[in-house]
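Note on naming: letters A, B, ... go to the chains in the order of the sequence lines (proteins, then strands), and numbering restarts at 1 for each one. Quantities reported herein were computed from a predicted structural model and do not represent experimental measurements. Keep in mind that the numbers below use all heavy atoms, side chains included, and drop hydrogens, waters and symmetry copies.
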4 protein chains.
Amino acid sequence: MANVTLKKSAINKRQKKEALMNTAFELFTSKGINKTSISDIVEKAGVAKGTFYLYFKDKYDIRNYLISSKAEQLFLTAHKALDTTKIPEIEDQIVFIVDNCLNQLTENPSLLNFISKNLSWGVFKKALVDPESESDMNTMDMDELDSENFSFYKIYQYLINSSDRQFKDPEIMLFMIIELVSSTCYSSILYSEPCNIDELKPHLFKQVRHILEDHEEV
Amino acid sequence: MANVTLKKSAINKRQKKEALMNTAFELFTSKGINKTSISDIVEKAGVAKGTFYLYFKDKYDIRNYLISSKAEQLFLTAHKALDTTKIPEIEDQIVFIVDNCLNQLTENPSLLNFISKNLSWGVFKKALVDPESESDMNTMDMDELDSENFSFYKIYQYLINSSDRQFKDPEIMLFMIIELVSSTCYSSILYSEPCNIDELKPHLFKQVRHILEDHEEV
Amino acid sequence: MANVTLKKSAINKRQKKEALMNTAFELFTSKGINKTSISDIVEKAGVAKGTFYLYFKDKYDIRNYLISSKAEQLFLTAHKALDTTKIPEIEDQIVFIVDNCLNQLTENPSLLNFISKNLSWGVFKKALVDPESESDMNTMDMDELDSENFSFYKIYQYLINSSDRQFKDPEIMLFMIIELVSSTCYSSILYSEPCNIDELKPHLFKQVRHILEDHEEV
Amino acid sequence: MANVTLKKSAINKRQKKEALMNTAFELFTSKGINKTSISDIVEKAGVAKGTFYLYFKDKYDIRNYLISSKAEQLFLTAHKALDTTKIPEIEDQIVFIVDNCLNQLTENPSLLNFISKNLSWGVFKKALVDPESESDMNTMDMDELDSENFSFYKIYQYLINSSDRQFKDPEIMLFMIIELVSSTCYSSILYSEPCNIDELKPHLFKQVRHILEDHEEV
DNA sequence: TATGAATGAGGGTTCATTCAT
DNA sequence: CATGAATGAACCCTCATTCAT
C-alpha cells in the first residue's frame, strides 16, 4: 500500500506524460487509433483515468504529439547520418536522406503504419507556418498536426542554401518528393506491393533526381 | 406476371440500396466516416434501421461499395473522354487521363476528400488480382477494398498493349503514377498547398512523362 | 425458376411443419434455445419467414411440440422393448424401462440435453390432466407443456393394474422415480459427474426398488 | 486518514454491488431471467447503466453471484440450526438439514423458483473442486456456477467424518440426496403437485435414509 | 398457402468525461 | 497533482412480427 503510493509519487509529471505517450504509441500501432480507447491507454500506462486529462485534451491530441515527435525523430536521425558523410552534391544528399528514412521505416513497420497516413504535406506546412497553433482534432480525417519543435523544413532550407546551385519553387519540389516517397513506400514496405522496397528504390531515386533536375535554375 | 412482380421488388431493392449509398456518401463527405453513424444514415435515407442490415454488413461495408463505385466512375469517365479524342501517343493518353481525373476531382472536392485516402494501390491491386474476394473491413485502417466490377486496370493494360512501344514493369510504372498524382492532388486541390492545382499540373505531367520514359524499353 | 416453384409446391403442408420441427430440434440441441432465432430455423429449413407463423405461434410453441414428441417417443420405445420381454414383476419392469431410457439418452446426449430441464413432472401431469390445453409459453421458465397424444401415464397405469400387487399413492411413487432418475442422469451422462452412468445405475436401480417397496400395500 | 477514505469508498462500492444484486434478484424471481434486461435492473436499482458493468460482466454473471450467495446462505442457515440441536446420528442430522432447507424454501418460494433449476450438482462440484475458476457463462444452458466462498461440501465432509460410521462413495451419496430432494421439492412446494410438501416429506425422508443405508460400510 | 422485404423497438455494450475525494 | 467510481448518451445490431404481393 505504502509501496504503491511511493511508486506513484516517484513518477513525476514528465514521466507520466511520457508513459502515456509511449503506451499510446504502442497501442495505436498495434490496435489502431480507432480501436484504442483512453481507458486502454491509462490502464496500460498505470495511471488513473483523470490523469490523462491533465496532459492531453483527447485521443487525437496525444496522437498529434506522437506524430510530430516521431516524424521529427525520423528526419533528424537521417540528417545526423548525413552529417557523418561528406556527400557534396544536393541530389545525393536528398537521396541519402530518403534512403535513410526508408531504411528506418523498413526496420520499424509499425512506425510506418502509424505515420504513413499523416506524414504528408500537412505536417511540414504546419510546422513551417504555424508551429504553435492548436486545432480541434477530434476527427480522423484531420491531417493538420501540431509539432512543437519541428524543424525539418529548416534543415531542408539549409541544405538548399548551402548548395551552390539554384532551384525554383523549392517548396513544390520538396512537396513532390515527400508525397511520392511517402505514398509509395507504404504498400511497398508493408505489403511488398507492387514490389518490395529494394526493387522500388532505384525507380524512386531516379524520380527524385528528375524532380530536382526539373526545378534547377540553370 | 410473376416475372413482373419479381422485377418490381428487385427494382425496389435496388432503389433502397442506392438511397442508402447516396445518403451515406453525402454524410461521409460532409461529416466524415467516423462521425457518421448508421442511425444518421437510415434516418436521412428515410428507412428503418434494420433495413440497413439487409444490404450492408456495417458502416465500412457501405464505404467500400462507395469507393469502388466512385473510383470506377471516375476512371471510366476519363477513359470515355479519351475515346472521343484521337490522341495517338501513350504518354499523351496517360497525361490526358490524369488531367481529366484531376479536373473531375477539382469540380467535386467532396469526392476527392472521400476517396483520396483510399484511392491508392490497394484499390487497383485488389481489383486486379482478386475482384471477388470478400474481406473483413471492420476497421478504419484497412485499405484493401472490394470492387465488384472495377476494370480500370484492364483499361490500362489495353492502352499499354495498343501502343507500339514496350514498357518494362508496367505495374510499378502505374503504381508510381497513381501514388504521385493521388497524394499530391489532395492538398493541392483542397487547400492550394503548396500551390494550386493549375500551378502543380505542369510539374505533375512532367514527372508522369519521366516515369514513362524511365520504364520504356528501347 | 420453374424448378424452384415445383420443388416448393411439392413440399406439402405436413412436410413443411416437419421440416421446421426437425430443423428446430437440430438447432436447439446444437446452439441452445436462447441462441436460436426463428430466422435461423426458417433459413436452415428452407422456408420463408412468414411460413413459420402459419404453423407455430413462436419459438416456445415449437419447443413444446418437440419436447412432447421426443419424450413420448422415448417412453414408447422403452415400452415396446419391454413388450418383447417376458419380465413378470413390476419392479423389474420399471427398472427395465428406466434402464432402457437411460440407454437411449446415453446414445443421444443432445436429446438428453434438450429434454433434461423439461422432462419433469410437469410433462406427465400436463399430459395426464389436460392434454389439449394451450398456454402462453413465451418464457424460458415455463415447464408446462402441450403434449398432443402423450400417453405414458396410461402405460404406467396399465403396468400397475396388470400387476397383482397393490401400491398406495402410485402418482407420488412415479413422481419420485421420474424426478430422481431424470435429475441424476443429466450430470452423470453428460459430464460423468460425480460418476459415469454405469457406475450410477446400480445405485439408481436400488433406490427405484426402494421407492416401490415403500409404496407397496402389504 | 487515507485509510478512512479508502474504507468509505470501498463500502460505497460494496453497497452499489449489493443494491444491484438485490434488485436483480427481485426482478429475476418476479419476471424471470430472460425477461429481465440490464436496463430494468439499473433503472430499478437507481444507478447508471455503465455502473452495472463496473461490477458484473453481464446478466449471467450477476445471476451466478446470486445463486452462489443464496445457496450458501440456505445451507449455512440449516447448518447453524443443526448446531443448536444435539442430534447425534448422521441420518438424523442429514434429514434435519433437508427438512430445514425445505422449510426455508417453503417460506420463500421465489428463492426456490430462482435456485431450483440451478441448485444442482454443478454448484457443489464447482465449489468443491474449483471454487476460484471463472467461466464464460454467457448462455442460459450453463449449469456450472461460480461460488466464491461456497463451503457446504466442507460442512458435509465434516458431518461424515464426525460420525463414527463409515460410508462408501460419499460423493455419490450426497449427489443422489441433493438431486432427489431438489428436483422433487420444486413442483411439490410451488404447485402442490403431485402432493404438497408436507405429504411428500415422509416419502422423501424415507428415501434419504435408504440412500444413506445403502452406502454404509458395515 | 406462401413469401420475404421491411420494420423499429429494444437489447447489450462502450467510453469520453466529470468531480468528489 | 492525482485518483477512479460514476455517469449516461450514443452506439451497433438483432429479431420477432407484419403485410402486400
Side-chain angles (χ1 to χ4, degrees), chain A residues 4-5 8-9 11-13 16 35-43 46-60 138, chain B residues 1-2 4-6 8-10 12-13 16-17 34-43 47-59 138, chain C residues 4-5 8-9 11-13 16 35-43 47-60 138, chain D residues 1-2 4-6 8-10 12-13 15-17 34-43 46-60 138:
Chain A
V4 171
T5 313
K8 288 196 173 164
S9 68
I11 298 170
N12 69 27
K13 211 178 133 173
K16 281 209 204 276
K35 299 216 166 181
T36 301
S37 68
I38 291 174
S39 297
D40 292 337
I41 298 170
V42 295
E43 193 182 343
V47 302
K49 240 188 197 153
T51 306
F52 181 92
Y53 292 92
L54 297 175
Y55 298 105
F56 304 101
K57 207 174 128 284
D58 55 29
K59 197 164 71 173
Y60 303 102
N138 200 354
Chain B
M1 191 80 162
V4 172
T5 312
L6 270 171
K8 205 189 267 174
S9 77
N12 252 326
K13 276 182 73 171
K16 277 256 159 67
K17 191 169 183 177
N34 277 327
K35 295 222 166 182
T36 301
S37 70
I38 290 172
S39 299
D40 292 337
I41 298 170
V42 295
E43 195 181 340
V47 301
K49 248 213 197 124
T51 305
F52 180 91
Y53 293 94
L54 294 178
Y55 299 104
F56 305 101
K57 209 175 124 280
D58 54 30
K59 201 165 65 174
N138 201 352
Chain C
V4 171
T5 314
K8 288 196 173 164
S9 67
I11 299 173
N12 68 26
K13 209 180 138 172
K16 283 212 201 275
K35 299 217 164 178
T36 301
S37 69
I38 290 174
S39 298
D40 292 337
I41 298 169
V42 296
E43 192 181 342
V47 301
K49 250 206 196 127
T51 307
F52 181 92
Y53 293 92
L54 298 175
Y55 298 105
F56 304 101
K57 207 172 128 286
D58 55 28
K59 197 165 69 173
Y60 303 102
N138 201 352
Chain D
M1 192 80 162
V4 173
T5 311
L6 270 171
K8 206 188 266 175
S9 79
N12 253 325
K13 275 183 73 171
Q15 280 174 334
K16 277 258 157 68
K17 190 168 185 177
N34 276 328
K35 297 223 163 180
T36 301
S37 71
I38 290 172
S39 299
D40 293 336
I41 297 170
V42 296
E43 194 180 341
V47 301
K49 230 175 189 179
T51 306
F52 180 91
Y53 292 94
L54 293 178
Y55 299 104
F56 304 101
K57 208 174 124 281
D58 55 29
K59 201 164 66 172
Y60 303 104
N138 201 353

Calculate the interatomic distance between [X] atom [atom1] and [N] atom [atom2]; express it in whole Å.
X: F52(C); N: dT18(F); atom1: CZ; atom2: P; result: 13 Å
X: I41(C); N: dC15(F); atom1: CD1; atom2: C1'; result: 12 Å
X: K35(D); N: dG10(E); atom1: NZ; atom2: P; result: 12 Å
X: Q15(D); N: dA5(F); atom1: CD; atom2: P; result: 15 Å
X: N34(B); N: dA10(F); atom1: CG; atom2: C1'; result: 15 Å
X: E43(D); N: dG8(F); atom1: CD; atom2: P; result: 13 Å
X: K57(A); N: dA16(E); atom1: NZ; atom2: P; result: 13 Å
X: K59(D); N: dT13(E); atom1: NZ; atom2: P; result: 9 Å

- Query: Which comes earlier along DNA chain E counting from the 5' end, the contact point of T36(D) or that of T36(A), where each point is its nearest nucleotide?
  - Reply: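 Between the two, 5'-proximity favours T36(D).
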query = For S37(A) and G50(B), take the nucleotide of DNA chain E holding the closest heavy atom to each; which residue's nucleotide lies nearer the 5' end?
reply =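 That would be G50(B).
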Proximity to the side chain of A48(D) - top-ranked nucleotide from dG12(E), dT7(F), dA16(E):
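Out of dG12(E), dT7(F), dA16(E), the nucleotide with an atom closest to A48(D)'s side chain is dT7(F).
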Looking at dC12(F), dG4(F), dT14(E), which one has an atom nearest to any side-chain atom of K49(A)?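 Per side-chain heavy atoms of K49(A), the pick is dG4(F).
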So CZ of F52(B) and CD1 of I41(B): to nearest 0.5 Å the spacing works out to 5.0 Å
At their closest point, which heavy atom of [X] faces which heavy atom of [Y], and how far apart are they?
X: V47(B); Y: K16(B); answer: CG1-CE, 3.5 Å
X: Y55(C); Y: T51(C); answer: CD1-O, 3.4 Å
X: K49(C); Y: V42(C); answer: CG-CG2, 3.7 Å

- Query: Given that Y55(D) and I38(C) both sit by DNA chain F, which one's nearest nucleotide is further toward the 5' end?
  - Reply: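 Checking each residue's closest nucleotide, the 5'-ward one belongs to Y55(D).
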Between V47(A) and D40(B), the residue closer to the 5' end of DNA chain F by nearest nucleotide is V47(A)
So what does [X] hit on the nucleic acid, given a heavy-atom distance under 4.0 Å: a base, only sugar-phosphate, or nothing?
X: L54(D); answer: base
X: F56(D); answer: nothing
X: Y53(A); answer: base

Note to self: Is the phosphate of dT3(F) approached by K16(A) (side-chain N or O, under 4.0 Å from OP1 or OP2)?
What the structure shows: yes
| request: Answer yes or no: does a side-chain N or O of T51(C) lie under 4.0 Å from OP1 or OP2 of dA2(E)? | output: no
Here DNA chain F, pairs taken as Watson-Crick or G-U under 3.5 Å and shown with ( ), [ ] when crossing and | when to another strand, reads .||||||||||||||||||||
